[in-house]
Amino acid sequence: MLTEKIKALKIEKDAVILAHYYQTGDVQDIADYVGDSLELSRIAAATDKKMIVFCGVNFMAETAKILSPDKKVLLPVEKAGCPMAMMINKKRLEDYRRANPERIVVCYVNSYAEVKALSDVCVTSSNAEKIVKHFRDKKMLYIPDKNLGSYVKKKYNLDMELWPGYCHVHNNLNLADVEKAREEHPDALFLVHPEAPLAVIEQADFVGSTKGIIEYASASDKKRFIIGTEQGILHPLKKNNPDKEFFPLSTRMTCYNMKYTTLEDVYNALLNETHEITIDPEIQKAAKKSLDLMLELS
Ligand code: SF4
């Protein structure tokens with residue numbers, strides 16, 4: 001069986017398998033750790049394994065490599081990328097920094113290494129609030145997600161400029177989706193990810209990262225929840241809460257990049273040690289500073 005072969009190869013290669021909550025259920029089930037960006041970053045930074053197989057998209061595997069430069073980090077599917085991370089690049093950020101030297105650049109972890117390297121601090125959806133509060137007296141630029149940026153900007157009344165990027169999965173959500181879901185499930189609580197538009201976030205009973213949503217639903221004494229984030233999260237939600245019901249806010253919440261990875265790809269990555277992530281050492285060092293500051297402040 002493929003899962004048995006993966007387990008055996010993992011031991012032989014001294015590897016750890018990490019999977020994001022948005023991966024398919026069978027990939028989540030084969031992983032040693034399933035988590036959101038913050039949890040997986042912490043695990044990547046602390047692991048004593050020689051090899052990390054990152055089941056997610058490329059900026060996540062890059063983050064693992066930045067934090068653990070001496071490990072071999074593999075991304076099972078090379079083309080698994082993040083459209084939002086591609087909405088900013090080094091040149092455009094350099095130009096912005098030159099024109100606005102007074103602004104602290106707060107960089108969502110959903111970005112590439114060369115962008116992190118030009119930033120002052122990274123954040124994830126789990127720790128963004130805590131970290132921007134730390135810099136609340138400073139002028140800031142938030143990159144690249146305008147929605148998460150708008151949410152923290154409004155909540156803490158910050159002097160913050162917003163890069164016009166977005167995650168298409170969450171940015172697609174709208175008030176009609178909320179109205180319809182509330183009508184269909186009037187007794188359910190509505191939990192949403194902060195990458196959704198502000199108007200949608202303002203309708204929610206709880207706003208949090210993927211991990212935050214899982215913890216909130218698991219701890220709640222309510223039984224029914226409308227979920228406003230990528231549908232991969234339904235797997236751990238149902239697994240951890242067999243007595244509760246979860247309804248996706250919309251049927252459009254699929255990140256195709258997150259769904260590319262199959263068990264076969266995980267097996268092939270381990271067997272052939274592909275596709276290895278490499279990062280220029282200067283970029284790695286500079287990007288690590290922004291990530292280390294995030295881990296220190298969160
Ligand atoms: S869910 Fe959105 S932010 Fe996450 S990888 Fe997919 S496109 Fe990027």
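Counting starts at 1 for both ligands and their atoms, following the listed order. Computed from a predicted structure; not experimentally measured.
Between Phe225 and Phe246, the angle of the ring planes stays under 30°, which puts this pair in the parallel group of the 30/60° scheme.
Using modelled atom types, one side-chain atom of Lys244 and one backbone atom of Ser220 make a donor-acceptor pair closer than 3.5 Å. Asp265 contributes a side-chain N or O that, together with a main-chain N or O of Thr262, makes up a donor-acceptor pair within less than 3.5 Å. With hydrogens and angles ignored, the 3.5 Å screen pairs no side-chain donor or acceptor of Arg103 with any backbone N or O of Lys138.
Protein heavy atom in closest approach to atom 2 (Fe) of ligand 1: Cys167 SG, 2.3 Å. The shortest contact between atom 3 (S) of ligand 1 and any protein heavy atom is with Asn110 ND2, 3.3 Å. Here the protein heavy atom with the shortest distance to atom 6 (Fe) of ligand 1 is Cys255 SG, 2.3 Å. Protein heavy atom closest to atom 7 (S) of ligand 1, with residue, atom name and distance, is Pro83 CD, 3.6 Å.
Of all atoms in ligand 1, numbered sequentially from 1 with element shown, those under 4.0 Å from a heavy atom of Met84 are 3 (S). Every atom of ligand 1 is numbered from 1 in the order shown, and the set under 4.0 Å from a heavy atom of Glu195 is 3 (S).
The existence of a salt bridge linking Glu245 and Lys223 is excluded, since no basic side-chain nitrogen approaches an acidic carboxylate oxygen closer than 4.0 Å.
Of the options Asp36, Val123, Leu291, a side-chain contact (heavy atoms from CB on, under 4.5 Å) to Val109 is made by Leu291 and by none of the others.
Not one N, O or S atom of Cys82 sits under 2.8 Å from atom 6 (Fe) of ligand 1.
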